[in-house]
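All values below come from the heavy atoms of this structure, side chains included, with hydrogens, waters and symmetry mates left out. To find a chain, count down the sequence lines: A is the first, B the second, and so on, and within it residues start at 1.
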Amino acid sequence: MPLRLTLPDGTVKEFSASVTGLELAASIGKGLAAAALAVKLDGELRDLLRPIEKDAKVEIVTRKSPEALELIRHDTAHILAEAVQELFPGTQVTIGPNVENGFYYDFARAEPFSTDDFPKIEAKMREIVARDAPLVREEWSRDEAIKFFESKGEKYKAELIRDLAADQTITTYAQGAWKDLCRGPHLPSTGKTGTSFKLLKLAGAYWRGDSNNAMLQRIYGTAWRDDKELQAHLTMLDEAEKRDHRKIGKELDLFHMQDEAAGSVFWHPKGWTLYRTLENYVRRRIEKAGYVEVHTPQLFDSSLFKASGHWDMYGDNMFKVAVKSGDAPEDVKWLGIKPMNCPGHVQIFKQGITSYRDLPLRMAEFGNCHRNEAHGAMHGLIRVRQMVQDDAHIFCTEDQIQSESLAFCEVLRSMYAELGFDVARVRLADRPEKRTGSDEVWDKAEGALHSALKAAGLDYDMNSGDGAFYGPKIEFYLKDAIGREWQCGTLQVDFNMPERLDASYVGEDGQKHRPVMLHRAILGSLHRFLGVLIEHYAGKFPLWLSPVQATICTITNDAEGYAQEVFDALTAAGIRAKLDIRSEKINAKIRDHSLQKVPLILVVGKKEAEAKTVALRRLGGEAQEILGLEDAVKTLSAEAMPPDLRG
RNA sequence: GCCGAUUUAGCUCAGGGGUAGAGCAACCGCCUUGUAAGCGGUAGGUCGUGUGUUCGAAUCACACAAUCGGCACCA
């Protein structure tokens, strides 16, 4: 039987018997054979030296192919593992997968590694690359493989093999004397990986991601095709560090945090201006979308959270307050500080009798919520113990779920666009193990979200088992200026909470019915969103969001009176302005306010005072525009208008 | 919560068993300045908290706290 292999350009190559990818490449050209790293067989990546035995569409993977990076990174992980075992005998290997932009490898070793070991390990890795040992694929029987790894003291590898499906082919890859359990594929030899890699971070990680298991030591690294790509990536990491919202928050005097209130934010005047500007924007947008705003208590008797299920489900992460309820020491009643707004909103819904004519009822609240997050979870504004969400609950009928979800998706898309983001990804998280409500109800809720997403025309993938305990959720991800994705928006269908808290409305038929609750947020936690926003803009906010929009700088004292006049005019027009009449050179003032990322610097000296003009310098630019004062006020206040208020 | 690292002036950071250093910022003067740092001076710290070792601790040990990088968690 001749073997027919179809190349990407459509040419068909015939062979009398099986060939390896390398032989195939050689039959096409000498250069290709030299550049070949692997082959793609009907879309499946395979080793270059593995015989091809059936007709297929084939593609030779070279260093230029997108797949090359995957191979390089995974091979580098193997090389890291070998280097570590050569340098630190007795260290056990576990797993070492690729991650975005790199890879990691988890090791079991009693002694902790130190980043001081990195140069030594990297040097050993380069040595292994230089040895250029061929990577040889070997197939094993299950028992032999277990025996082999156990004989080497590799308990984790043996455990992995035991858990593989019985019919799974067990393969190892050898590079010289060193061997690792691996599915492959790999590059033909260690020399092909190159040395454009760098070890980056050291971290603890649980075996198999389970906190009941042993803590392993994880080494993260990055690997690229060449040094130029590596350098570009390292530059990007530097850039991300420069944008760190904790750093910028300090530099721009937006907020601070301190030990006595771990996980909570002290908003300084500028940060709070930013916060309120954003909050007011959301407030206008949702008001336009037919929401009503409410405000509910901070403290509730535990009975409410017990009824809602939060006390049992998240009690450990709630702040609880014991209050004396009698004279005896055991006379104590428990209150809970709200970790979310939903039970409170149901209480408002339950006041009086709600008719089907009142639905959908869209109830919004910027409520302060407290969650006792684990110490290790906290991270600047991104993960805090006290936060406010742009939270709302839509009480509606089952029939209204789809149209409400659609309308929500539209508002979300438009708001993200106005804030400078695109929706990068949408995921549907379905039922988790720990949940309330029957499977029938979950079927219904998940089905409703699937059809809403289809109706909205959004592509989405599944995030299995990651729903909330009361219902499935849609997660909206946005992409920031340096390509990172953040999950902010969410829409959750909940058939359970109205049942648990006994909410009902009177239907057209005069009977009582349960409403459906849609929990939804667009920005999510405002704290977290502001963190993302600061990093996205690197502190250079669009004019309408800037805490200080304009600074008026005098050149000499003579201009002070006029500068005050300019300041008053801008302030009266609603522009957030500051006046800088310090006895400093104009260079120093320009530098200070530029570093403070003030978008507009208005310079006034003798000339401007006489002509009633301003010399405008925009952040990032060097040119100056000379504008008449009236004209400047008009132009700038129009520019400073929030996007939803522009004509 | 788990693993590792870190914590010195408002900020960024150096130092290190014999009692504390720089730059920037602040304050006070001088300078009256034309688009990214003008000059001089002054002041500022129980070296995260506690306990211990020591003749002596900011330095060494232990505990705790917070922070950082991950992991686990994220209603």
Side-chain angles (χ1 to χ4, degrees), chain A residues 104 106 111-116 200-220 244 246-247 250-251 253 256-263 305 308-318 338-343 369 371-380 382-384 387 389 391 432 434-436 466-471 473 487 490 492 494 497 519 524-525 528 553-560 581-596 601-608 615-624:
Chain A
Y104 65 78
D106 284 348
E111 279 282 293
F113 291 114
S114 148
T115 44
D116 296 342
L200 297 175
K201 280 185 291 204
L202 200 54
Y206 296 109
W207 168 237
R208 300 196 146 174
D210 185 336
S211 58
N212 296 311
N213 289 343
M215 178 62 72
L216 305 171
Q217 297 189 63
R218 176 171 298 179
I219 296 178
Y220 282 93
D244 191 315
R246 293 164 299 189
K247 189 168 167 277
K250 208 179 273 177
E251 286 166 356
D253 194 20
H256 89 271
M257 298 171 95
Q258 67 186 47
D259 293 6
E260 290 80 357
F305 293 121
S308 71
H310 290 92
W311 199 266
D312 291 333
M313 207 68 69
Y314 291 101
D316 289 347
N317 289 315
M318 278 179 67
K338 70 174 171 187
M340 25 68 293
N341 301 305
C342 23
C369 295
R371 297 175 180 183
N372 192 8
E373 302 286 0
H375 284 94
M378 267 141 16
H379 178 96
I382 303 292
R383 191 80 176 269
V384 288
M387 51 94 187
Q389 288 174 279
D391 195 17
K434 218 174 156 189
R435 62 176 184 264
T436 62
D466 224 20
F469 75 87
Y470 50 70
K473 59 183 180 192
Q487 195 250 305
T490 181
Q492 309 169 4
D494 182 0
M497 196 72 67
H519 306 242
S525 152
R528 183 166 180 278
C553 300
T554 49
I555 292 177
T556 61
N557 312 135
D558 303 343
E560 273 175 32
I581 53 169
R582 289 176 304 162
S583 160
E584 289 287 352
K585 295 240 185 310
I586 192 65
N587 286 322
K589 294 189 184 183
I590 297 284
R591 179 182 149 84
D592 288 349
H593 304 300
S594 298
L595 288 174
Q596 283 294 306
I601 296 176
L602 281 66
V603 177
V604 297
K606 213 190 245 169
K607 277 187 280 180
E608 288 76 14
L616 172 66
R617 178 188 169 119
R618 291 172 188 274
L619 183 61
E622 276 167 34
Q624 44 175 320

Distance test, side-chain N/O of A:Lys201 to OP1/OP2 of B:A5, below 4.0 Å: no

B:C31 base / A:Ser583 side chain donor-acceptor hit below 3.5 Å: yes

By the 4.0 Å heavy-atom rule, please label A:Ala374 as base, sugar-phosphate, or nothing. base

Carboxylate-amine/guanidinium proximity below 4.0 Å for A:Arg246 and A:Asp244: yes

Can a donor-acceptor pair under 3.5 Å be found between the side-chain atoms of A:Arg208 and the base atoms of B:A72? no

Classify A:Tyr470 by what it touches in the nucleic acid, base, sugar-phosphate, or nothing, heavy-atom distance under 4.0 Å. sugar-phosphate

Which part of the nucleic acid does A:Ala262 contact within heavy-atom distance under 4.0 Å: base, sugar-phosphate only, or nothing? sugar-phosphate

Quick note, A:Tyr220 side chain, CB onward, closest among B:U32, B:C71, B:G38 is B:C71

I'd like the C1' distance from B:C11 over to B:G50, given in whole Å. 28 Å

Over all heavy atoms of both residues, which pair between A:Gly467 and A:Pro432 is shortest? Give the atoms and the distance, please. O-CG, 3.4 Å

For a quick check of understanding: with a heavy-atom distance under 4.0 Å over all strands, which category does A:Ile586 fall into, base, sugar-phosphate or nothing? sugar-phosphate

With a 3.5 Å cut-off and heavy atoms only, can you find an N or O donor on one side and an acceptor on the other between the side chain of A:Asn587 and the base of B:U35? no

Any A:Arg246 side-chain nitrogen or oxygen under 4.0 Å from OP1 or OP2 of B:G69: yes

Minimum-distance nucleotide (side-chain atoms of A:Arg383 versus B:A72, B:A36, B:C74): B:C74

Classify A:Arg218 by what it touches in the nucleic acid, base, sugar-phosphate, or nothing, heavy-atom distance under 4.0 Å. sugar-phosphate

Can you tell me the Watson-Crick or wobble partner of B:C60, both distances under 3.5 angstrom? B:G52

Among the nucleotides B:A75, B:G34, B:G38, whichever has the atom closest to the side chain of A:Ile555 is B:G34

Tell me whether the OP1 or OP2 atom of B:U12 has a side-chain N or O from A:Lys250 closer than 4.0 Å. yes

Answer with base, sugar-phosphate or nothing: what part of the nucleic acid does A:Glu608 contact at a heavy-atom distance below 4.0 Å? base

So which nucleotide does B:A20 pair with, by the Watson-Crick or G-U wobble rule with both distances under 3.5 Å? none

May I ask you to decide if A:Phe469's main-chain N or O and A:Lys434's side chain share a donor-acceptor pair within less than 3.5 Å? no

State whether the distance check finds a donor on one side and an acceptor on the other, under 3.5 Å, for side chain A:Arg371 versus base B:C74. no

Can you tell which of B:C71, B:A75, B:U35 lies closest to the side chain of A:Gln624? B:U35

Which of the following nucleotides, B:A72, B:A75, B:A36, is nearest to the side chain of A:Tyr314? B:A75

So A:Gln217, base contact, sugar-phosphate only, or nothing? Heavy-atom distance under 4.0 Å. nothing

Students often get this wrong, so: under 4.0 angstrom with heavy atoms, is A:Leu595 touching a base, only sugar-phosphate, or nothing? base

For A:Cys342 and for A:Leu616, find the nucleotide of RNA chain B with the closest heavy atom, then tell me which residue's nucleotide is more 5'. A:Leu616

Indicate, with a heavy-atom threshold strictly under 4.0 Å, whether A:Phe113 touches base, sugar-phosphate, or nothing. nothing

So what does A:Lys585 hit on the nucleic acid, given a heavy-atom distance under 4.0 Å: a base, only sugar-phosphate, or nothing? base

Check every strand shown and say whether A:Thr556 touches a base, only sugar-phosphate, or nothing at a heavy-atom separation below 4.0 Å. base

Looking at every non-hydrogen atom in both residues, tell me the closest pair between A:Glu373 and A:Val384 and how far apart they are. CG-O, 3.4 Å

Taking the inter-plane angle between the rings of A:Phe305 and A:His310 on a 0 to 90° scale, is it parallel (under 30°), tilted (30 to 60°) or perpendicular (over 60°)? perpendicular

If you look at every strand shown and take non-hydrogen atoms under 4.0 Å, does A:Lys434 touch a base, only sugar-phosphate, or nothing? nothing

Sidechain-backbone polar pair: A:Arg218 side chain, A:Ala203 backbone, donor-acceptor under 3.5 Å: no

When all nucleic acid strands are considered with a 4.0 Å heavy-atom cut-off, which category describes A:Asp210: base, sugar-phosphate, or nothing? nothing

Listed nucleotide nearest any side-chain atom of A:Met215, set B:C2, B:G38, B:G4: B:C2

Taking B:A65 as the reference, what is the distance to B:U49 when you measure between their C1' atoms (whole Å, please)? 7 Å

With respect to the phosphate group of B:G69, does any side-chain polar atom (N or O) of A:His379 fall under 4.0 Å of OP1 or OP2? yes

How would you label the contact of A:Met313 with the nucleic acid (heavy atoms, under 4.0 Å): base, sugar-phosphate, or nothing? nothing

